[in-house]
Protein chains: 2
Amino acid sequence: MRILIIEDESGILNFLRQGLEEESYSVDTATNGLDGLEMALAEAYDVMLLDWMLPGKSGVEVCREIRRAGIKTPIIFLTARDTVQDTVFGLQAGANDYIKKPFSFEELLERIKVQLRPHSGEQIEFRLGPIVVDTQSHQVFRDSQEIKLTQKEFGLLEFLLRNKGKVCRRTRIIESVWDIHFEYNTGVIDVYINSLRKKLGLTKEEDYIQTIRGVGYIAKEI
Amino acid sequence: MRILIIEDESGILNFLRQGLEEESYSVDTATNGLDGLEMALAEAYDVMLLDWMLPGKSGVEVCREIRRAGIKTPIIFLTARDTVQDTVFGLQAGANDYIKKPFSFEELLERIKVQLRPHSGEQIEFRLGPIVVDTQSHQVFRDSQEIKLTQKEFGLLEFLLRNKGKVCRRTRIIESVWDIHFEYNTGVIDVYINSLRKKLGLTKEEDYIQTIRGVGYIAKEI
DNA sequence: CAATCGTATGCGAATCCTGATCATCGAAGA
DNA sequence: TCTTCGATGATCAGGATTCGCATACGATTG
């Protein structure tokens with residue numbers, strides 16, 4: 001389980017990092033809003049801890065931008081302020097929970113687990129570079145911009161992402177996405193790969209979907 | 001705002017009652033699980049505070065039975081135990097939040113308000129461009145002009161608005177609005193979408209309700 | 001009897017797939 | 001190392017198909 005912490009006070013940050021790593025979470029950290037936002041958009045985390053007061057970009061802003069990019073990762077606010085309104089404001093910005101400083105580490109752990117639980121069943125959200133795919137709402141984003149895909153295009157992209165980093169043979173693709181379980185001799189896959197690359201704006205340099213000649217395709221980070 | 005407190009320790013009970021009444025909540029109390037359950041089922045409360053350890057019937061049991069009766073009132077657990085598992089157990093039983101004893105009254109207040117917020121704040125009224133939907137009075141307006149919708153039309157519109165900005169799959173719609181939980185092959189949704197668009201006066205340009213071919217529909221601002 | 005609900009039907013448009021052609025890759029031989 | 005050639009993938013156009021829209025009509029309910 002990967003956790004991103006965005007927090008500027010180094011004391012708290014180290015305390016959290018150490019504690020969470022002892023609980024065998026994988027922890028990444030950022031000490032300001034801009035860096036944090038960048039990391040949140042670039043990597044796939046399971047939970048994010050977000051300080052309310054941040055230099056550069058406030059926690060609320062960061063939270064809102066993360067949501068705007070279509071990312072549904074649970075966000076827990078760490079807040080020193082204790083007015084109700086601020087907290088509610090944070091929840092409206094798309095946060096899932098908040099915890100007030102000073103908090104007990106035990107309590108934080110619990111809240112993290114509560115957030116993780118509903119997502120443990122099936123993965124809903126996939127990422128590939130700047131691309132975010134939400135299988136639940138059937139939406140695809142690139143740099144916060146929604147991209148309209150057809151049924152088959154979406155199915156193909158989803159399949160590639162569920163096997164991210166692994167080579168997908170044509171026969172497997174045709175089985176899973178087209179539900180054809182016997183011999184095939186068709187160029188459909190190529191056509192749709194082409195269409196995907198075009199709609200996602202992939203170039204020669206940004207070849208997140210690569211061709212494996214004679215075998216199939218692979219979606220991977222570059 | 002009415003609050004029900006189920007708590008056997010009279011010291012805490014009185015402390016809470018006094019504090020909450022000063023905040024102008026209307027407070028009812030019970031000192032054991034059975035009485036509490038009866039009151040929860042008989043009266044309409046806005047929030048319930050439920051002690052974990054109760055004589056007669058445990059807090060978890062009470063919580064579960066309340067939920068089984070279809071009551072969705074937010075429940076906050078007051079717990080002395082601080083193991084993760086008990087808490088998670090409580091949340092699984094249908095609780096919305098929990099707070100660990102000893103707690104600050106301030107914090108309790110915040111958590112109560114957080115629970116109240118989503119029910120009082122936004123749930124009643126939804127908006128979509130020039131359209132306003134009041135789920136309480138069951139009325140729909142466009143530019144201050146009331147639009148008469150049938151039961152199903154209203155249900156469909158409400159569902160779309162509760163998921164504004166998210167794609168609603170046909171199966172989800174048929175489940176939520178028509179309560180059909182198995183396979184369906186019917187064109188009802190289309191018919192009602194059509195009827196909605198017509199009654200709401202939506203045009204090609206004002207397509208607040210968009211079709212996602214092969215998937216479903218989405219209500220969103222344009 | 002009137003309002004609402006769900007089904008059936010024809011039409012039009014978005015999507016899907018095929019087949020042809022063009023571009024690229026990689027292996028074999030000079 | 002370079003060239004050539006066959007094979008594979010990329011791209012495109014258009015015909016086939018599916019899906020959603022609009023409307024009409026019968027069923028149901030109060």
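Bear in mind that the values here come from a model prediction, so they are computed numbers and not experimental data. Order of the sequence lines fixes the chain letters, A, B, ..., with proteins taken first and strands second; residue numbering starts at 1 for each chain.
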Is it the case that the base of D/dA7 and the side chain of A/R213 share a donor-acceptor contact (distance under 3.5 Å, atom types as modelled)?
yes

Side chain A/R127, main chain A/L41, donor-acceptor under 3.5 Å:
yes

Atom-to-atom span, CG of A/L156 to C1' of D/dA10 - whole angstrom
15 Å

Could you state the atom-to-atom distance from NZ of A/K152 to C1' of C/dC17 in whole Å?
10 Å

Give the rounded distance in Å between these two atoms: CG of B/L202 and P of D/dG20.
19 Å

Please determine if A/E221 and A/K164 form a salt bridge, counting it only when a charged side-chain N lies under 4.0 Å from a carboxylate O.
yes

Donor-acceptor pair, A/D134 side chain versus A/E125 backbone, under 3.5 Å?
no

Whole-Å distance separating the NZ atom of A/K199 from the P atom of D/dC12:
15 Å

Whole-Å distance separating the OH atom of B/Y192 from the C1' atom of C/dA3
10 Å

Rounded to whole Å, CD1 of B/I174 lies from C1' of C/dG6 at a distance of 10 Å

The side chain of B/V188 lies closest to which of these nucleotides: C/dT18, D/dA10, C/dT7?
C/dT7

Which nucleotide, D/dG20, C/dG6, D/dA10, lies nearest any side-chain atom of A/D190?
D/dA10

Closest listed nucleotide, where the reference is the side chain of B/V191 and the choices are D/dG9, C/dT7, C/dC17
C/dT7

Could you say whether A/K204 or A/Q151 is positioned toward the 5' end of DNA chain C, judged by the nucleotide with the nearest heavy atom to each?
A/Q151

A/T211 side chain near D/dT8 phosphate (N/O to OP1/OP2, under 4.0 Å)
no

Looking at A/Y217, I'd like to know whether one of its side-chain N or O atoms comes within less than 4.0 Å of OP1 or OP2 on D/dA10.
yes

When you measure from the side chain of B/E153 to the backbone of B/Y192, do you find a donor-acceptor pair of N or O atoms at a distance under 3.5 Å?
no

B/Q145 backbone acceptor or donor facing B/D143 side chain under 3.5 Å
no

Is any side-chain N or O of A/N194 closer than 4.0 Å to OP1 or OP2 of D/dT11?
yes

Please report the distance, rounded to the nearest Å, between CG in A/N185 and P in C/dC17.
14 Å

Mind calculating the distance between CD1 (A/I189) and P (D/dG9) to the nearest angstrom?
10 Å

Respond yes when some side-chain nitrogen or oxygen of A/R170 is under 4.0 Å from OP1 or OP2 of D/dT8, and no when none is.
no

Under a 3.5 Å distance rule, please check whether A/R197 uses its side chain to pair with a backbone N or O of A/I209 as donor and acceptor.
yes

Between B/K198 and B/G216, which has a closest nucleotide on DNA chain D that is more 5'?
B/G216

Tell me whether the side-chain N/O atoms of B/W178 come closer than 4.0 Å to OP1 or OP2 in C/dG6.
yes

From D/dT11, C/dC17, D/dC21, nucleotide with atom closest to B/R197 side chain
D/dC21

OP1, OP2 of C/dA3 versus side-chain N and O of B/T150: anything below 4.0 Å?
no

